[in-house]
Amino acid sequence: MDLTKVTTLERFILDQERFHPDATGELTNLLYDVALAAKMIGAQIRRAGLLDILGSAKATNVQGEMQQKLDVLANEIMKNALNHTGRVCAMASEEDEELIPIPAGYSPGKYAVLFDPLDGSSNIDVNAAVGTIFSIYTRVTTSGPGTLADVLQPGNRVVAAGYVMYGSSVMMVYSGGHGVHGFTLDPTIGEFVLSHNNICTPTSGKYYSVNESNFFRWSRGIQLAVRGFHGEDPTRIQGKNSRYIGSLVADFHRNLIGGGVFMYPADTKNPRGKLRLLYECVPMAFIAEAAGGKATDGTRRILDLVPTALHQRVPLVIGGASDVDYVKAILEAMEETG
Ligand code: AHM
Ligand code: MG
C-alpha cells in the first residue's frame, strides 16, 4: 500500500458527485457531518471504561428499554452534528419519541435524517461491537420546518444510508444507491479512508444469524427455514455456520462481507419482530440491496413497506439474495406472510 496516497471519505464522495451533474454538494457535506459524529461517538466508546460512563443512564427510552449512558451521549452527538448546518429539515432517532425539529434560529434544509445513534448498546458493558445506523431522505414538504411526512417515507426513497461499526476498528459503510463502500478510520490522521470499495455480498453465504433462544416462539415456517440452515434440507440449501453477537450492525456487517443471512423474525413475545423499520431495517435493507443482497419482512420487500409510525417494528430477513428467497419460499408455501 502506498502510504502517501489515501482516498478519504470526503474525496470519494466528492468524486462520485461528478457523476451527478445536478449535485450541489449538500449530501456530501451531510455525510461528512455524520462521519464527524461517528468519530466523536467512537472516541467516547473507546474511553468508556476509563470515564465511568458505562452502564445505564437510569432513563427509559420510548420503547421502554433501559438506555445506556452512551446511548444518550451518542444521540446528543448526532443531533448536534446535524441540527445547525442548514442541510437538515428534521430528524428522527430511536432515542426520541417525537420528530426532532431543527432548533429555533437555524434554517431547515433539504434532507430528513433518521438514525439509531447507538444500536446493540447491551453489548457496551462487555466491550463488544456496537454501531450507529442512519438513513437520509430528500424532504417531501417544500419549505419551513420538516414534518412527520418527511421522515415517514418508504425505504425506496432513501437517497443515502449506512452504518458505522465501532469494533476492533471504526468503520463506516455507506451507499448512495450506487454500490456499497467501506471506510476505516485511520486514528493517526483522524480520517475515514477507503478500505472496502464496492462491496458485493455472496448470493448464498456460510453464516446464519438469529437469536435461536426464540426457536419455540417462532412460527412453523421460520422454524423450518432455520432447520434448513442447520443442514436439514441439503437439496435446497447448504447447511450454514451459526454466528450471533446480538448487535445488528456487527452481525449484518460480518454477513455482508463473509456471506450469510440475518433474521429477527416475529415471535410470540415480539409479534411484529424486535427491530424498528425506519432507522434499523430500512438503512440495512438499502445497503443489502446495493451490495446485491435482499431484505424482506419474510415475504415482502422492506424498502417497499410504507411506514405509519416513527418507531414501528418489523420482522427482518436480510442477506444473500438466494438465502433470503429460501426463507420467503418456505413462508409462502406455509402461507405465512409478513
Ligand atoms: P437496541 O436498539 O435496543 O440496541 O436493540 C437492537 C438489537 C440489535 O442490535 C440486535 O440485532 C438485537 O437487538 C438483539 O436482540 P436479542 O438480544 O433479542 O437477540
Ligand atoms: Mg437499536
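Position 1 is the first residue of the sequence, and the numbers go up from there. Whatever order the structure lists ligands and atoms in, that order sets their numbers, starting from 1. Just so it is clear, the structure is predicted and the values come from calculations on it, not from any experiment.
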Just checking, R243 and Y208: is the charged tip under 6.0 Å from the six-membered ring centre and within 45° of the axis?
no

Per-atom contacts of ligand 1 with E280, taking only distances under 4.0 Å to non-hydrogen atoms:
2 (O), 6 (C)

State the atoms of ligand 1, each with its element, that fall below the 4.0 Å cut-off from a heavy-atom position in D116.
2 (O)

Give the atoms of ligand 1, by number and element, whose distance to some non-hydrogen atom of S247 is under 4.0 Å.
9 (O)

Ligand 1 to R276, heavy atom cutoff 4.0 Å, flagged ligand atoms 2 (O), 5 (O)

Under a 3.5 Å threshold, yes or no: a donor from one side chain and an acceptor from the other, between S209 and N255?
yes

Ring pair (Phe, Tyr, Trp, His ring centres under 6.0 Å) against F183, all qualifying residues, sequence neighbours excluded
F12

Is it the case that the side chains of Y326 and D233 hold a donor-acceptor pair, with the cut-off being a distance below 3.5 Å and no angle test?
yes

Under 4.0 Å between heavy atoms, the region of F262 that gets near ligand 1 turns out to be side chain

Any atoms of ligand 1 less than 4.0 Å from a non-hydrogen atom of E94? List them with their elements.
1 (P), 2 (O), 3 (O)

Under 4.0 Å from a heavy atom of G246: give me the atoms of ligand 1 that qualify, with their elements.
9 (O), 10 (C), 14 (C)

State, without any angle test, whether H181 and Y174 hold a side-chain donor-acceptor pair at a distance under 3.5 Å.
no

State whether the shortest distance between N or O atoms of D119 and N or O atoms of ligand 1 falls below 3.5 angstrom.
yes

side-chain contact (heavy atoms from CB on, under 4.5 Å) partner of L152, chosen from T308, V306, L278
L278

Closest to atom 11 (O) of ligand 1 (judged by heavy-atom distance), picking from D251, D267, L248, I245
L248

Can a donor-acceptor pair be found, under 3.5 Å and without considering hydrogens, that links the side chain of R301 to the backbone of L303?
no

List the residues meeting salt bridge (Lys or Arg N to Asp or Glu O under 4.0 Å) with R87, not counting sequence neighbours, and say none if there are none.
D33

Any side-chain donor paired with an acceptor under 3.5 Å for T132 and Y166?
yes

At under 4.0 Å between heavy atoms, what of V249 touches ligand 1? The answer is neither

Sequence-distant partners of H196, ring pair (Phe, Tyr, Trp, His ring centres under 6.0 Å), two or more places apart
none

Distance-only side-chain donor-acceptor flag, T8 / E191, under 3.5 Å:
no

Record the part of N211 in heavy-atom contact with ligand 1 below 4.0 Å; permitted values are side chain, backbone, both and neither.
side chain

Whether K79 and D96 form a salt bridge (side-chain N of Lys/Arg under 4.0 Å from carboxylate O of Asp/Glu) is what I want to check.
yes

List-wise, which protein N, O or S atoms are found short of 2.8 Å from the Mg ion (ligand 2)?
E94 OE1, D116 OD2, D119 OD1, E280 OE2

Check each atom of ligand 1 against the heavy atoms of S121 and keep those under 4.0 Å away; list them by number with element.
4 (O)

Test your reading of the structure: does G120 have an N or O sitting under 3.5 Å from an N or O of ligand 1?
yes

